[in-house]
Amino acid sequence: LMASPERNKKILLDMVKQPSNDRCADCGAPEPDWASYKLGVFVCVNCSGTHRDLPAISRIKSIRLDFWDDSLVEFMKTWGNAAANAFYEKCVPPFYYRPQEKDCVVLKDQWIRAKYERREFTGENNSLQQVYSSGLYEGILWKKGKENKQFLKRRFLLSETDFTLRYFTNEDKPKAVISMKDLNAVFQPEKIGHGHGLQISYLEEERTRNLFVYHDNSQEIVSCFNAIRATRFAYLKKVDPNARDSDLVPLITRSSIKEGYMEKTGPTQWEPFKKRWFIINLTDRKLSYFKTSLDALELGAVFIGTEGHGYSVREGQPKGNRSGRWRFGVTLETPDRQFVFLCDQEQDQREWIEAFKLTMCLYLLFQLRQT
C-alpha cells in the first residue's frame with residue numbers, strides 16, 4: 001500500500017484533471033495547483049492569494065507540495081469546483097461581470113469576496129445585490145480633470161428610468177448626460193495609474209470621449225462597474241426584447257483588442273510623423289486615436305471594413321516614404337486612402353497587424369450573429 005501522503009497526493013492530482021476542477025474555480029485559469037480545503041475548490045496561484053486574505057472563510061494548500069490529511073481529501077471529494085460553484089454562484093445576475101484570468105486584480109479580488117465572504121450569490125443575501133441591481137446608483141468618484149493630471153471628486157448618478165449616466169461638478173446642473181446607447185466602461189489600472197482605475201467612454205457628436213475615474217474602496221468601484229453593466233443590459237433588452245441573454249451579455253461592455261502608441265503621418269505622407277495613442281475596438285470596428293493615453297477627446301478615427309470591401313493591412317511602409325523615429329511600419333489600405341503607422345517594437349507591429357486582421361474578419365461573424 002502506498003504511504004498515505006503519496007496516495008492522497010495522487011487522488012488530488014487525479015481530481016484536478018476532472019472537468020471543471022481542471023480550471024480555477026474563480027477565474028477559469030487552466031491547471032490550478034492550489035486548493036481551498038475549507039471551501040472544497042481548486043484555484044490558481046493568483047486567486048489563492050485572495051483566499052489567503054480570508055482565513056475565516058478559506059484555507060489554502062498546494063496540491064503538490066503540502067501534506068494532506070485523509071479527512072481533507074475526503075472533503076475535497078464531496079465538493080470540487082462544479083458542486084461549489086453551483087452553490088456559491090447560484091444567483092449571479094446575468095449582467096454581473098465574471099472575471100477571467102487576464103482581468104485586473106480588483107475585479108478578481110472582489111469577485112472572490114462576493115462569492116465566499118459576503119455570499120452575495122447563494123440566494124441567502126440577495127439584498128447585497130441591491131447596490132448594483134436596483135436600477136439607480138449614486139456615488140462620488142475621483143475623476144481626472146481636463147487640463148491637468150489632477151483627479152477631482154465628482155458625483156455620478158446612474159438611472160435605468162431614462163438609461164443615462166450623469167455627472168455633476170456642482171449640485172444642480174449635470175456636466176454631462178450620457179446615454180446608455182453608446183456607453184462603455186472598462187478597467188484600466190495601468191493606464192490610469194490606480195488599481196481601481198475605470199475608463200468610461202461614450203460618443204459625443206460622433207467622437208469618442210473618455211472619462212477616467214476611480215474610487216478608493218475596491219468594493220465600491222466594482223459595484224459601480226456592475227451597476228453600469230446592469231443599466232446597459234436593461235437598455236439592450238429594451239432595444240431587442242426577443243434577444244437571448246447570452247447574445248446580449250458580450251455586448252454590455254467591450255474591451256479594446258489592442259491599444260498603445262504608434263506614430264502616424266498625415267494624408268499626403270509628407271507631414272512629419274506624430275506620436276498618438278491608438279485604440280482598436282471590435283464592436284464598432286474602429287481605430288480611434290488620441291493625443292495621449294489619458295486624453296478625453298478622440299482626435300480622429302478610421303473605420304475598418306472587410307478585405308472584400310477593399311481593406312487590407314501589411315507590415316512595412318511604402319518605399320520612399322519619409323521616416324519617423326520608429327522603425328516598424330504598418331500599412332493600412334482602405335478604399336479611400338492609405339494609412340502608414342510606425343511602431344517602436346517589432347512585437348507591437350505584429351500585435352497591431354493581428355488586431356487589424358482580426359477586426360477585418362470578425363466583422364463578418366458579427367454581421368452573421370446580428371441577422
Side-chain angles (χ1 to χ4, degrees), residues 99-107 144 146 149 184-203 207-214 253-267 269 271-305 311-318 321-334 337-363:
Q100 304 297 301
E101 182 187 3
K102 299 265 189 287
D103 278 309
C104 63
V105 176
V106 69
L107 275 171
K144 185 182 173 291
K146 246 203 194 84
K149 293 280 192 284
N184 191 27
V186 62
F187 276 93
Q188 291 275 21
E190 284 85 13
K191 199 158 101 171
I192 294 168
H194 191 286
H196 308 162
L198 185 67
Q199 175 179 317
I200 298 169
S201 309
Y202 59 99
L203 285 185
R207 286 164 87 193
T208 302
R209 185 176 272 281
N210 294 323
L211 306 175
F212 301 100
V213 299
Y214 70 87
T253 54
R254 288 100 46 221
S255 299
S256 61
I257 53 168
K258 170 85 181 144
E259 54 182 279
Y261 282 110
M262 290 192 287
E263 293 187 328
K264 75 174 277 289
T265 175
Q269 294 171 7
E271 297 92 332
F273 276 89
K274 291 192 175 80
K275 185 172 150 187
R276 295 287 179 252
W277 182 265
F278 286 87
I279 299 175
I280 291 190
N281 265 321
L282 259 190
T283 18
D284 46 12
R285 305 185 316 280
K286 192 170 92 164
L287 174 74
S288 316
Y289 55 96
F290 298 80
K291 195 166 181 188
T292 70
S293 61
L294 288 175
D295 258 81
L297 197 59
E298 169 186 285
L299 295 175
V302 182
F303 174 80
I304 303 164
Y311 291 82
S312 66
V313 64
R314 63 174 189 272
E315 63 175 73
Q317 54 171 322
N321 218 13
R322 90 174 267 167
S323 57
R325 279 183 317 134
W326 289 349
R327 309 211 315 275
F328 300 98
V330 175
T331 301
L332 174 70
E333 300 283 357
T334 74
R337 58 168 280 206
Q338 186 185 62
F339 293 87
V340 179
F341 308 106
L342 298 177
C343 306
D344 185 22
Q345 304 287 333
E346 195 171 358
Q347 189 187 340
D348 253 348
Q349 176 195 42
R350 271 203 308 274
E351 286 173 7
W352 278 111
I353 289 172
E354 269 167 40
F356 280 122
K357 285 185 170 161
L358 188 63
T359 312
M360 287 170 194
C361 66
L362 272 188
Y363 164 53

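Quantities reported herein were computed from a predicted structural model and do not represent experimental measurements. Below, each value reflects all heavy atoms present in this structure, side chains not excepted, and no hydrogens, waters or symmetry copies.
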Do Glu354 and Lys258 come close enough that some side-chain heavy atom pair is under 4.5 Å? no
Are the side chains of Phe328 and Asp348 in touch, meaning some heavy atoms are under 4.5 Å apart? no
The reported gap from CZ in Arg327 to CD in Glu346 (rounded to nearest 0.5 angstrom) is 8.5 Å
Test item: Gln188 and Phe212 side chains (from C-beta on) under 4.5 Å apart, heavy atoms: no
Please examine the side chains of Arg285 and Tyr311, heavy atoms only from C-beta on, and report whether any two atoms are closer than 4.5 Å. no
Could you check whether the rings of Tyr289 and Phe278 sit parallel, tilted or perpendicular, using 30° and 60° as the cut-offs? tilted
Check: Arg254 and Leu282 side chains under 4.5 Å, non-hydrogen atoms: no
Between His196 and His194, what is the ring plane arrangement, given parallel below 30°, perpendicular above 60°, and tilted in between? perpendicular
First locate atom CE of Met360, then atom OG of Ser312, and finally report the distance between them rounded to the nearest 0.5 Å. 6.0 Å
Look only at the side chain of Thr331 and the backbone of Gly316, and say whether a donor-acceptor pair between them is shorter than 3.5 Å. yes
Going from SG on Cys343 to CD on Glu263, what distance comes out if it is rounded to the nearest 0.5 angstrom? 9.5 Å
Interatomic spacing from CG in Leu287 to CE in Met262 - rounded to 0.5 Å: 5.5 Å
Do Leu332 and Trp352 touch side chain to side chain, with heavy atoms closer than 4.5 Å? no
Quick one, Tyr202 and Leu211 - any side-chain contact, counting heavy atoms below 4.5 Å? yes
Looking at Gln349 and Glu315, would you say the former's side chain and the latter's main chain have a donor-acceptor pair under 3.5 Å? no
Distance-only check: which donor-acceptor pairs under 3.5 Å involve side-chain atoms of residues 293-305, not counting sequence neighbours?
unit_1, atom_1, unit_2, atom_2, d
Asp295, OD1, Thr292, N, 3.2
Asp295, OD1, Thr292, OG1, 2.5
Glu298, OE1, Thr208, OG1, 2.8
Glu298, OE1, Lys286, NZ, 3.2
Glu298, OE1, Ser288, OG, 3.2

NZ/Lys191: more than 12 non-hydrogen atoms of other groups inside 6.0 Å: yes
Beyond-backbone contact of Asn210 with Phe290, side-chain heavy atoms, under 4.5 angstrom: yes
Of all the heavy-atom pairs spanning Ala185 and Thr253, show the shortest one and how long it is. O-CB, 3.4 Å
So how far is it from Arg276 CZ to Lys291 NZ, rounded to the nearest 0.5 Å? 6.5 Å
